[in-house]
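Remarks on the structure that follows.
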4 protein chains.
Amino acid sequence: MVKGSVRKARKEARPAEIVEAAFQEFAAKGFLGARVEDIAARLGVTKGTVYLYFPSKEVLFAAVLDTFGAQMRRETDDHVAELHGDVAERLEQLIVHLNVSSASDQRLRSLLVLSIAERERFPEVIERQFRATVDHAAELCLSLLQEGAAAGVFHAHVASRNTALTLVSPCLWLVLSGVMHPNEPSDVDGFVAQQLRLLRDGLFREPSAPSL
Amino acid sequence: MVKGSVRKARKEARPAEIVEAAFQEFAAKGFLGARVEDIAARLGVTKGTVYLYFPSKEVLFAAVLDTFGAQMRRETDDHVAELHGDVAERLEQLIVHLNVSSASDQRLRSLLVLSIAERERFPEVIERQFRATVDHAAELCLSLLQEGAAAGVFHAHVASRNTALTLVSPCLWLVLSGVMHPNEPSDVDGFVAQQLRLLRDGLFREPSAPSL
Amino acid sequence: MVKGSVRKARKEARPAEIVEAAFQEFAAKGFLGARVEDIAARLGVTKGTVYLYFPSKEVLFAAVLDTFGAQMRRETDDHVAELHGDVAERLEQLIVHLNVSSASDQRLRSLLVLSIAERERFPEVIERQFRATVDHAAELCLSLLQEGAAAGVFHAHVASRNTALTLVSPCLWLVLSGVMHPNEPSDVDGFVAQQLRLLRDGLFREPSAPSL
Amino acid sequence: MVKGSVRKARKEARPAEIVEAAFQEFAAKGFLGARVEDIAARLGVTKGTVYLYFPSKEVLFAAVLDTFGAQMRRETDDHVAELHGDVAERLEQLIVHLNVSSASDQRLRSLLVLSIAERERFPEVIERQFRATVDHAAELCLSLLQEGAAAGVFHAHVASRNTALTLVSPCLWLVLSGVMHPNEPSDVDGFVAQQLRLLRDGLFREPSAPSL
DNA sequence: TATGAATGAGCGTTCATTCAT
DNA sequence: CATGAATGAACGCTCATTCAT
């Protein structure tokens, strides 16, 4: 009983371990730059072992994206399910959450990097991946904007995809900033506070300024 | 004599031609995926010729980033020099320009992609590159925000880097969107109009809503 | 007890089963092309099991050749022991038998293929093997030719190895044909009948034609 | 002029050199056993060079078979064109030629070996190859048999493919013998003389013996 | 200045073999 | 007796780089 279960547990855990290690290597070096041998070395095994579980580097890469893409989407959805309060409060919570995740989640950074860098080599996987993260976030935003507009809380014209994308865009900056300067943590709190303030007050001291 | 000067012209034009061809290959395939032979083939020469002007693929890559990074920066600066009108008008013009460039300039897309994909392999070159584009745009924005705040046109608190980054962020979306779906052109005009409207009116129908 | 003897029977039968399965794989794919895992899979066991009975793929291959080579030789000898009638009748029976075996016995084909393909890798084993089949058949023929010549039934000069080889050669064609076109069964009956007729009548209408 | 022609000559000669070297390696070790590096080493170059001329080991193998198959067929046809004398004389000359070639031509041996060993891996190439050698020889024989039968020189029934194959079969023995025992040269002259004698006189001292 | 044949280090992948269970 | 996860040597193929022409 116990005898078999040790190996079995190992075997069942391996694919996830490999995907995790591969994620790190791919994120750091890109698809071509990552060596299967180095992925294996992260687990303390040799490259042959990787091929026991994945038939090729390509398939492994796709598994990495699918695994973490699904994971990110699930986590976002879980968070959305917990939003509470009126529509303005919920939108604020969503924006804060997206900003905080973008700034702090290493996986998100890596996914974006890989999606951009390898889009030509794995178009379908990455398309799926991209829809599951950036597009998905925009859609969540859009729902709340529509709800708020319908309730008369927001201006009617903000119930648009363009607004949703505008609200989500600062997260791209956070992700990008994390990618380019991983050692200079962003001031997320200040950043998101400023975003919310802009949304509330706009740029101008005089409300409904004529120009711009 | 004439022959000589044709040759000379050729010789002097070659590095730039090679950098241009290399840019296209690198943008399409990444640093590792691009073959020196294919870069040469774009010019109708053979790979040996590339090595007459650049000692290695690495150096060529750095030259590509530096050349186009400087080019982009110069173009942005040139545009900024032509801004006119009051501060609000100039900010609007800048935002429109950044959005339009981000949506339509293939070189911008490629630079961002390469910067992200190869950041680990060429950290210094890309750091420089990144500062010359994204950071630079944010700084230009910030100047105008500070000017507007000082003049009392904008809220005082918007004279911050965080605001500048927020304003610039939608451009990242446009670049990203162009990278991921090059065949589905974005609705830049509608997108930028919505950004400007949000900046003017904020989200809420009731000005100065208490929460958010 | 009963369980034990079942196991024992299993254990004793295993080497033969493995050799049989290996023969099929080797015949189909060659020594290098055959995978130990596939040999094992034919028996419904895993590759570790093969190594319980054979220390290496090489040894297994040698066992395959020796086993089936001996088997073929034994079957030929058994048949020869049953030949009856006068020497001409016995020679005819032998020729028919060799032809029919060559055309119909899959094992013979496989042995010849393996002998030819792997002769450099296993020179001794295959030398043995070859002597046990082709050379052996020629020797059996030669005995009968010598007996017939001594009895004055055949021309004296046919009591030679060269004649024996000539008589045996058509079998090579049948084997080869079966190897190359396994789905186009040869017309063995017509083929052997024609061989016998040639042996009886020669090529020419005028007996003892002067030339040729 | 001279400058370029040295390299050009080299380049034009290379494919043939590589095919020749590859033929030797493939014949000795089989397709899987032959290493591209060893093929290159026979020419004093490195494996990269082989790939300048052939895109893969598979293609190189096919080129080897096609090159030498065509070569053998051409040589046989050339010889047939020079046959002279009456039909019996020409048949004799053809048989002698086929026997001598089979015994002495290393290329023929290698082709047969490769055809047999790699038939599953390269079915079409080898089918073509086989038709160009063995089948082709039988057809040449058949033509003469038909001519002789029509002329009333040979028995009518020998104008059959079965007879042709019977006449050609001893060549298979010579080829096979050369493959298996390259250091024991066959007694071709005696062997072929015996074949011809059998064809003329048959086996029996009494012409038209009743049985067999 | 330009060529392109040649090099050789490097990596993806396979598979015979081992051994802890 | 049997398993099958793990190993690691081997090989096909690629491509940046060199250099004789």
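Every chain is numbered from 1 and lettered A, B, ... according to where its sequence line falls, protein lines coming before strand lines. This is a predicted model, so every value here is computed, not measured.
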Residues at least two apart in sequence or cross-chain that pass salt bridge (Lys or Arg N to Asp or Glu O under 4.0 Å) with R128(D), listed by chain then number, are D66(D)

Could you tell me whether the side chain of T67(C) and the main chain of A63(C) form a donor-acceptor pair under 3.5 Å? yes

For DNA chain F, consecutive-pair runs of 3 or more (Watson-Crick or G-U wobble, both H-bond-type distances under 3.5 Å) give E:2-21 with F:2-21

Between V179(C) and R109(C) the two heavy atoms that sit nearest each other are N-CD, 3.4 Å

The nucleotide from dT13(E), dA5(F), dT17(F) with an atom nearest the side chain of K57(A) is dT13(E)

Ignoring hydrogens and angles, write down the donor-acceptor pairs under 3.5 Å from the side chains of residues 26-34 of chain C, residues two or more places apart or on other chains.
residue	atom	partner	partner atom	Å
K29(C)	NZ	E25(C)	OE1	3.2

Output for pair (Y51(B) OH, T46(B) OG1), nearest 0.5 Å, gives 12.0 Å

L60(B) atom CG is separated from dC15(F) atom P, nearest whole Å, by 17 Å

When rounded to whole Å, the OH to C1' distance for the pair Y53(B) and dT3(E) reads 13 Å

Taken in chain and number order and not counting sequence neighbours, the residues that satisfy salt bridge (Lys or Arg N to Asp or Glu O under 4.0 Å) with E58(D) are none

Expected list for residues 29-52 of chain B near DNA chain F, using heavy atoms below 4.0 Å, is A34(B), R35(B), V36(B), K47(B), Y51(B)

Rounded to whole Å, the CZ-C1' distance (F26(C) to dC15(E)) equals 13 Å

Once you apply a heavy-atom cut-off of 4.0 Å, does F54(A) come out as touching a base, just sugar-phosphate, or nothing?
nothing

Sorted by chain and number, sequence neighbours left out, salt bridge (Lys or Arg N to Asp or Glu O under 4.0 Å) with R35(D) holds for E37(D), D38(D)

Rounded to the nearest 0.5 angstrom, the CG-CD1 distance for L114(A) and I116(B) is 11.0 Å

When E58(D) and S56(B) are each assigned the nearest nucleotide of DNA chain F, the 5'-most assignment goes to E58(D)

In whole angstroms, the gap separating P of dC15(E) from CZ of F61(C) amounts to 17 Å

